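Data first, discussion second: the structure below is written as structure tokens.
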Amino acid sequence: MARIAAIILLMGFSAFCAGEELSDKALALEYLHVSKFEQAVDTAIDTYSLRLSGNMPDEEKIKFKKFMQDVMGWNAVKDQVAELVVRLYTREELQAAITFDKSPLGASITSKNELFSKQYAELLSHNMHQFAMQNTPQPHPAAESDLP
């Protein structure tokens with residue numbers, strides 16, 4: 001009988017923990033929604049796709065953007081990001097961040113996150129392009145003079 005009671009207690013505790021985990025994940029997803037994280041991800045993908053696929057044919061640009069969405073798009077990373085938030089932040093911190101993001105000042109800051117993400121992605125794309133150009137071998141001037 002004690003064994004059955006222990007199993008029932010263990011099952012109840014497991015269900016309680018699973019409920020808490022879902023609650024934490026739900027809170028994490030609410031935090032990500034209120035902070036407009038999904039829009040920041042979309043903006044970054046749009047910017048990187050546009051800047052990094054500059055000389056590609058249109059068909060390749062479409063494939064590159066799809067690759068970016070499949071690897072780092074919201075649907076691809078939503079659960080992983082929510083788990084990361086759950087591991088890093090306490091319930092109290094998430095509730096405070098959500099409350100702030102919903103306040104007038106927080107909403108003002110949050111509304112600028114998409115623009116910030118776009119400008120940050122453009123900055124990184126520019127840096128990547130510059131780095132690639134500086135590290136790509138350039139044709140030797142003498143080789144060009146040998147052309148007919």
Side-chain angles (χ1 to χ4, degrees), residues 2-140 143:
R3 184 178 270 177
I4 292 173
I7 290 172
I8 291 172
L9 183 62
L10 183 59
M11 287 173 50
F13 180 72
S14 296
F16 173 76
C17 289
E20 282 297 303
E21 182 178 320
L22 291 176
S23 174
D24 287 340
K25 184 175 180 182
L27 188 62
L29 288 171
E30 180 182 358
Y31 163 72
L32 292 167
H33 174 73
V34 171
S35 66
K36 300 192 181 292
F37 188 81
E38 181 178 355
Q39 289 86 345
V41 168
D42 289 342
T43 298
I45 288 172
D46 289 344
T47 304
Y48 288 136
S49 296
L50 185 63
R51 295 280 298 218
L52 298 177
S53 66
N55 295 330
M56 292 180 186
D58 288 343
E59 184 177 305
E60 291 299 314
K61 286 181 183 182
I62 292 168
K63 287 181 184 178
F64 182 72
K65 185 170 183 178
K66 183 179 179 336
F67 165 76
M68 297 284 285
Q69 289 169 331
D70 290 347
V71 172
M72 62 185 268
W74 179 245
N75 290 330
V77 300
K78 166 176 67 175
D79 292 330
Q80 294 167 313
V81 172
E83 291 302 319
L84 182 62
V85 169
V86 168
R87 283 195 314 268
L88 290 176
Y89 302 103
T90 66
R91 175 179 292 280
E92 184 180 35
E93 290 168 334
L94 290 177
Q95 288 170 334
I98 290 167
T99 299
F100 175 74
D101 285 345
K102 289 181 176 181
S103 73
L105 183 58
S108 176
I109 291 171
T110 300
S111 71
K112 295 173 185 171
N113 285 346
E114 188 172 352
L115 179 59
F116 179 86
S117 295
K118 182 178 194 284
Q119 291 179 359
Y120 180 67
E122 287 172 353
L123 181 141
L124 292 179
S125 296
H126 174 76
N127 289 353
M128 285 184 220
H129 179 75
Q130 291 298 327
F131 180 82
M133 294 302 289
Q134 291 171 356
N135 292 291
T136 301
Q138 301 297 317
H140 192 276

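Everything quoted here is computed from the prediction, not taken from an experiment.
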Item checked: Residues N113, F37; criterion side-chain contact (heavy atoms from CB on, under 4.5 Å); working and verdict -> CA-CA 8 Å; N113 285 346; F37 188 81; over 6 Å; no
Note to self: For a side-chain contact (heavy atoms from CB on, under 4.5 Å) check, start with the C-alpha distance between M72 and V41, then their side-chain angles and the critical distance, and finish with the verdict.
What the structure shows: CA-CA 8 Å; M72 62 185 268; V41 168; 5.5 Å; no
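- When every heavy atom of A82 is checked against every heavy atom of K25, the shortest pair comes out as CB-CG, 4.1 Å.
- With respect to the salt-bridge test (charged N to carboxylate O, under 4.0 angstrom), the residues E83 and R87 do not qualify.
- Summarising the geometry, atom CG belonging to L32 is positioned 9.5 Å from atom CG belonging to L27; distances are rounded to the nearest 0.5 Å.
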Next item on the list: Test F131 against N127 for side-chain contact (heavy atoms from CB on, under 4.5 Å), laying out the working first.
Entry: CA-CA 6 Å; F131 180 82; N127 289 353; over 6 Å; no
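- From T47, atom OG1 reaches atom CG of L123 across 11.5 Å, with rounding to the nearest 0.5 Å.
- Counting non-hydrogen atoms of neighbouring residues, nucleotides and ligands closer than 6.0 angstrom, the NZ atom of K61 exceeds 12 such neighbours.
- Remark: the backbone N or O of A107 is not paired with any side-chain donor or acceptor of T110 at under 3.5 angstrom.
- Across every non-hydrogen atom of E93 and L88, the tightest pair is OE1-O, 4.1 Å.
- Using a 4.5 Å heavy-atom threshold, the side chains of I62 and K66 count as separate.
- Enclosure of atom CD in Q130 by more than 12 non-hydrogen atoms of other residues, nucleotides or ligands within 6.0 angstrom is indicated.
- F100 has its side chain within reach of I109: a pair of non-hydrogen atoms, C-beta onward, lies under 4.5 Å apart.
- The nearest pair of heavy atoms linking I45 to G73 is CD1-CA, 3.4 Å.
- For the atom pair CD (E38) and CG (N75), the distance works out to 7.0 Å, reported to the nearest 0.5 Å.
- In terms of heavy-atom proximity, L94 sits nearest to V85 at CD2-CG1, 3.5 Å.
- Within a 6.0 Å radius of CG in D70, other residues, nucleotides and ligands contribute more than 12 heavy atoms.
- K65 meets the salt bridge (Lys or Arg N to Asp or Glu O under 4.0 Å) test with D46; sequence neighbours excluded.
- Taking CG of D79 as the start and CG of L29 as the end, the distance is 7.0 Å to the nearest 0.5 Å.
- The NZ atom of K36 sits 12.0 Å away from atom CG of D42, with the distance rounded to the nearest 0.5 Å.
- When atom types are taken as modelled, the side chain of S111 and the backbone of S108 share a donor-acceptor pair closer than 3.5 angstrom.
- S117 and T43 make their closest contact through C-CG2, 4.2 Å (heavy atoms, listed as atom of the first residue, atom of the second, distance).
- Among all heavy-atom pairs drawn from F64 and S53, the shortest one is CD2-CB, 3.9 Å.
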